[in-house]
Undergrad: 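Sending over a structure as structure tokens; questions will come in a sec.
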Amino acid sequence: MAVTTALAWDLSPGNEFIVNGLPWTVETFEPQVGKVVLVRPEHEPWKTSVRQLLHHPNIRPSTRTRKDLPAANRGRQPKGVLDLPPDKRPLVMLRVEHLREVETGFRSGDPLMALPGEPKPQYDPDSTTLTERRHAKVRELRQETVRNPDLAAANCLNKVSYRTLIRWDLDRRRFGPIGCADDRWLREATGRQISAAVREAIFAVRHETLHRSKLTAKDRERLIHQYVREVFGEDEPVPSYETLRVVWKEWFGSSGARQRYAVSAARAQAVATGRHVVVSRPGHVVALDTTILPVKVREQVFGDPVSVHLTLALDVYTHSIVAFRLTLVSDTSVDVAMILRDVMMPLPMRPDWGKEMEWAYPGVPGTVVAEFAGGKVAGLPFFAPETVTTDHGSVYKNHHLIEVQRVIGATIRPSRVLRPTDKQAVERAFGAIQSLLFRILPGYQGVDSSDRGIDPEGDACITVAEMEHLIATWVVKIWQNRRFGSYAPSWDPAGDHSPNTLFAASMAQGGFALQIPPAELYYQLLPTHRVMIHGRRGVKIRNLWYDGEALDEWRFRPSGRGGAAKNKYVFHRDPRDPCFVFFQDPLTHEWHQLRWVGLPDEGRVPAFSDARVRQVMRELRAQGLKPKSDKDLLPLLLDLIGDNVPVEQWPTRLTKAQRTEHAREVAQAAAAAADRPKPAPVAACADEVAPFVSHQGDEVHNVVALRWRERAEQGQAAIDSERRRRRESVPEKPAATSPLSQRLRGRSLMDLLDEEKDSAAEPGGRP
């Protein structure tokens, strides 16, 4: 039985079989013993049995050598009537009607639908045989050819023979009406015949012109002719311009793209993996991008109009804006780490938000979420991101971000070069926010300089804190409830959906993991420094010394770490606020905050940044000074911060760039203070500055404009406080002691000393 079935497969030598997607050819077949030998170039012959060949799940006969398929179908998908040209389909049906008349005597094949005069005597199945009816049909077609040769030739019936009718009939029974079609009507589309020389020239020109400026098809044709003539000689034929143009379009696509995008597409195709990512759940892909806010706002120190950067984190599946930040400087790796932390944490309710903005997703009651979060939570999704798509900025390529993605368990993948479709969701979100919100705000700058108003800086009246609160309210109240247009889900393209409804649907389908990261995540996401602990001074990080009681137990002990950081300790530091570093106890794993030793015990110091510290060190080197401790750095640092200008004259003596720089330092320190877990162990160095972003707190601190006077007074007060502390720390003059002769006259030299009393009175028991 196995041999019979195998013979139905036609195991004759030379036939081809597909084994695991690769073609193998039958070399020998022994039906008596049921053995088959298959061969393939550059492979050893495969000897197998017929039984294994029949029952193997990944073996099938190749269509290129199967005898049960017509020649037009070998090596291709089965043909159908719809593959025929429109003018050939009536001819096929006409042939089918002739075959039906030969078989049944009726053109329709059904006696109930007989035409007038059917069946004809020569086609009556009751009085004629099938052979007689076929010969009668041949005579009829030849008579039609004699009477009207043009019509017979047009219907392709002028050369029908007895054997042709038999072949049509057999093919019709096996393949349907398409079996009556001529194979020449569906011949294989081999394309245009391009010689090996011309093919090489086309690819050489393609490689050359990809790095040049854009050329026309006529220019490429000239380069192809030049390559063929110089490499293969003048006798090598070259196709016409039209043939080369069509071949170029078939092989490389249309040349209507801009040259820089064509180069990027070729580079991306060379490294493409061939996999298409289908986003199926919230958090699967989060798109992250930064742009300059198109609205001028006023900073919180001097009240000057400035431009801020808006960073968005958008969930691609639900199109929810899960986190955002406003920064006066371009985002850094710390800002990216903190916005990823915001994605994982719920957004607290703010005082002026109503109940309609609270958590209302089905599946997890709002009271449960509030219990875990420590307060009422706004209706904004939060989750642990799996993949984060970013652009190619240097901020996303440093070692700090690599450590951040390890800590949060996400993968940060840059988008392809010059491929905005990888981040089109967040780009579209920027455009939507601009058209729905930013355009109607005072201080809007327009799309470009041509659309800009007369004085957008003068129109600016919204502070940074007010803008942050406005965007947060708009996101929770409007964006999350906005109906989708072209971004409806594939499983319900015609339904009404919003980011909130999609997130609720995903919760119903796959559940919701109520995982709120602990407050210690802030410390883990900060950049690390591996340094030794000095026994008396503490630790030195970025030219500043830090110390605290948490280091007392580890001052003269190595850490025991191996590798490149041998016997060093790990400290975490927020670059936005160099006043503190953070240390995790190796035994208890508790986090401790270490102060900069240059901070005065009393008084307040204005906020400063790493750039200000580097400026101080440059100033010290220029003056030839080398201070022994950070206490000596404080006066110079305060001089640079306060600029040594009286309060009344300070704003007039500072340039706009200097004022913006001071405002950025205050904003960064305020953002760092807002990100630190509450309550803070000690007062931050920018406690007196109201943070303009409150990501985790329950209140929104509105910034009071024109704070330059307070900042100047703050610097002067810090200098006075430090001078007072140093003056008061000088020890008092010790009391004068009596001379030795007076002490000797006060007692007799012959008195015996009490050993116990003298030992207790004088150290060492000496007289």
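One is the number of the first residue; the rest follow in order along the sequence.
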Undergrad: With the side chain counted from C-beta on, respond yes when P578 and R542 share a heavy-atom pair under 4.5 Å apart, and no when they do not.
TA: no
Undergrad: Would you please name every residue forming a salt bridge (charged side-chain N to carboxylate O under 4.0 Å, His left out) with R428, sequence neighbours left out?
TA: none
Undergrad: Under 3.5 Å, sequence neighbours excluded: what are the donor-acceptor pairs made by side chains of residues 401-410?
TA:
from : atom 1 : to   : atom 2 : distance (Å)
E403 : OE1    : R406 : NE     : 3.3
E403 : OE2    : R406 : NE     : 3.1
E403 : OE2    : R406 : NH2    : 2.4
Q405 : OE1    : I412 : N      : 2.8

Undergrad: Taking all atoms of both residues into account, what is the closest heavy-atom pair of V343 and P385, and its distance?
TA: CG1-CD, 4.2 Å
Undergrad: Taking salt bridge (charged side-chain N to carboxylate O under 4.0 Å, His left out) as the test, write out the residues that go with D391, two or more places apart.
TA: none
Undergrad: Residues two or more places apart in sequence or in another chain: which of them pass ring pair (Phe, Tyr, Trp, His ring centres under 6.0 Å) with F372?
TA: none
Undergrad: Looking at every heavy atom in both F583 and V570, which two are closest together, and how far apart are they?
TA: CD1-O, 3.9 Å
Undergrad: Could you check if a side-chain atom of S307 sits within less than 4.5 angstrom of a side-chain atom of Q445, using non-hydrogen atoms only?
TA: yes
Undergrad: Pick one: which of T311, D335, D342 meets side chain to side chain donor-acceptor pair (under 3.5 Å) with R325?
TA: D342
Undergrad: Got L347 and V476 here, is their nearest side-chain heavy-atom distance under 4.5 Å?
TA: yes
Undergrad: Please report the closest heavy-atom contact between L526 and H400, naming both atoms and the distance.
TA: C-NE2, 3.6 Å
Undergrad: Residues two or more places apart in sequence or in another chain: which of them pass ring pair (Phe, Tyr, Trp, His ring centres under 6.0 Å) with F512?
TA: W359, F382, F503
Undergrad: Any side-chain heavy atom of L470 within less than 4.5 Å of one from L441?
TA: yes
Undergrad: Looking only at non-hydrogen atoms, find the nearest pair between L326 and V464 and report the distance.
TA: CD1-O, 4.1 Å
Undergrad: Is there a side-chain contact between R281 and E386 (heavy atoms, below 4.5 Å)?
TA: yes
Undergrad: Indicate yes or no: at least one non-hydrogen side-chain atom of Y396 is less than 4.5 angstrom from one of L288.
TA: yes
Undergrad: Can you name the closest pair of heavy atoms from V377 and P346 and give their distance?
TA: CG1-CB, 3.4 Å
Undergrad: Does atom CD1 of I292 have more than 12 heavy-atom neighbours, drawn from other residues, nucleotides or ligands, at distances under 6.0 Å?
TA: no
Undergrad: Could you list the residues that satisfy ring pair (Phe, Tyr, Trp, His ring centres under 6.0 Å) with H497, not counting sequence neighbours?
TA: W491
Undergrad: Under the criterion side chain to side chain contact (heavy atoms under 4.5 Å, CB included), which of E468, H469, M467 is the partner of I462?
TA: M467
Undergrad: For H319 and W479, I'd like to know if the aromatic rings sit close, meaning centre-to-centre distance below 6.0 Å.
TA: no
